[in-house]
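Structure first, then comments.
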Amino acid sequence: MTTILGIAGSLRAGSYNRALLRTARELAPEGVQVDIFDLTPVPLYNADVDTDEQRPPAVTAMKQAIAEADAVLLVSPEYNYGVPGVMKNALDWASRPAFRSPMARKPTGLMGASAGTSGTMRGQEQIKLNLLGMIADVFAHKSVAVPRASEKFDDDLRLVDERTREIVTRYLADFAAWVERVTV
Ligand code: FNR
């Protein structure tokens, strides 16, 4: 069983990115399990409490979940052409201690959904740079970028656009095959 920890960069209940992550869990190939870590309880980064004695429990739980997973899948909106604070904050916590963190050499994939036409491509490029900063292994692949999300999801936040479902399915199959190759 290949395990992927999915993390969404939006906290809102009606989030398309949270919905996209649930879709990824649903469309994962056989033998691949996507577990979802919710960032809601993760506080803002504070180096003063980033110690074994004082680290917030949600952060410890997130880092442990990352360490235990074979791979990480980040599914994030783009805010003002960049990485939303929610996602960047989680990555900052996860990246310590520098170069020896649970993200070091962690196979990591990216997806995103946006209301507009960009489909989060600019935000994803920034996340890739952040991932290089923590020496994560970034999956090189055509991105899953879902523009005009309101037209692709129904009112119950189910991904109903068939072409997008195919893209997500293909990405997950390719990602899982790559994770298997690099983690043996
Ligand atoms: C946005 N949105 C947005 N969309 C985009 O394609 N490029 C952008 O730069 C931005 N910037 C931006 C900033 C802020 C502060 C907000 C709140 C929104 C719109 C965004 O794509 C839309 O709100 C998505 O629905 C957010 O993702 P979730 O919450 O649905 O997952």
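Each ligand, and each atom within it, is numbered from 1 in the order the structure gives. Treat the numbers as computed from the prediction; the structure is a model and nothing was measured.
When distances from atom 6 (O) of ligand 1 to the protein are checked, a heavy atom turns up under 4.0 Å.
Taking distance alone, with nitrogen or oxygen atoms compared against 3.5 Å, Arg18 stays at or beyond that limit from ligand 1.
Interface of Ser114 with ligand 1, defined as ligand atoms under 4.0 Å from a residue heavy atom, comprises 6 (O), 21 (O). Listed by atom number, the atoms of ligand 1 under 4.0 Å from Arg12 heavy atoms are 25 (O), 28 (P), 29 (O), 30 (O). Shown in contact with Asn17 at under 4.0 Å from a heavy atom are these atoms of ligand 1, numbered in order with element: 27 (O), 28 (P), 31 (O).
Donor-acceptor pairing under 3.5 Å is recorded for the side chains of Thr40 and Asp38.
The nearest protein atom to atom 26 (C) of ligand 1, hydrogens excluded, is given as Pro77 CB, 3.8 Å; this is a heavy-atom distance. Given atom 9 (O) of ligand 1, the protein heavy atom at minimum distance is Tyr81 N, 2.8 Å. In terms of protein heavy-atom proximity, atom 24 (C) of ligand 1 is closest to Ala115 N, 4.1 Å. What sits closest to atom 3 (C) of ligand 1 on the protein, heavy atoms only, is Glu78 O, 3.3 Å. Counting protein heavy atoms only, atom 14 (C) of ligand 1 is closest to Tyr79 CD2, 3.6 Å. In this structure, the protein non-hydrogen atom closest to atom 11 (N) of ligand 1 is Asn80 N, 2.8 Å.
Ion pairing of Arg122 with Glu125 is absent here, as no side-chain N (NZ or NE/NH1/NH2) approaches a carboxylate O to less than 4.0 Å. Taking the charged nitrogens against the carboxylate oxygens, Arg158 and Glu26 have no contact shorter than 4.0 Å, which rules out a salt bridge.
Nearest to atom 31 (O) of ligand 1 by heavy-atom distance, out of Ser15, Ser76, Gly119, Ala145, is Ser15.
His141 has its ring centre no less than 6.0 Å from the ring centre of Phe175.
Within the 3.5 Å criterion, the main-chain N or O of Pro147 finds no donor-acceptor partner in the side chain of Ser114. Glu151 places no side-chain N or O within donor-acceptor distance of the main-chain N or O of Asp161, the cut-off being under 3.5 Å. No donor-acceptor distance shorter than 3.5 angstrom exists from the side chain of Lys106 to the backbone of Ser101, with no hydrogens or angles considered. A side-chain donor-acceptor contact under 3.5 Å links Thr51 to the backbone of Gln54. Side-chain atoms of Trp93 come within 3.5 Å of backbone atoms of Pro43 as a donor-acceptor pair (strictly under, hydrogens ignored).
At least one heavy atom of Ser118 sits less than 4.0 Å from an atom of ligand 1.
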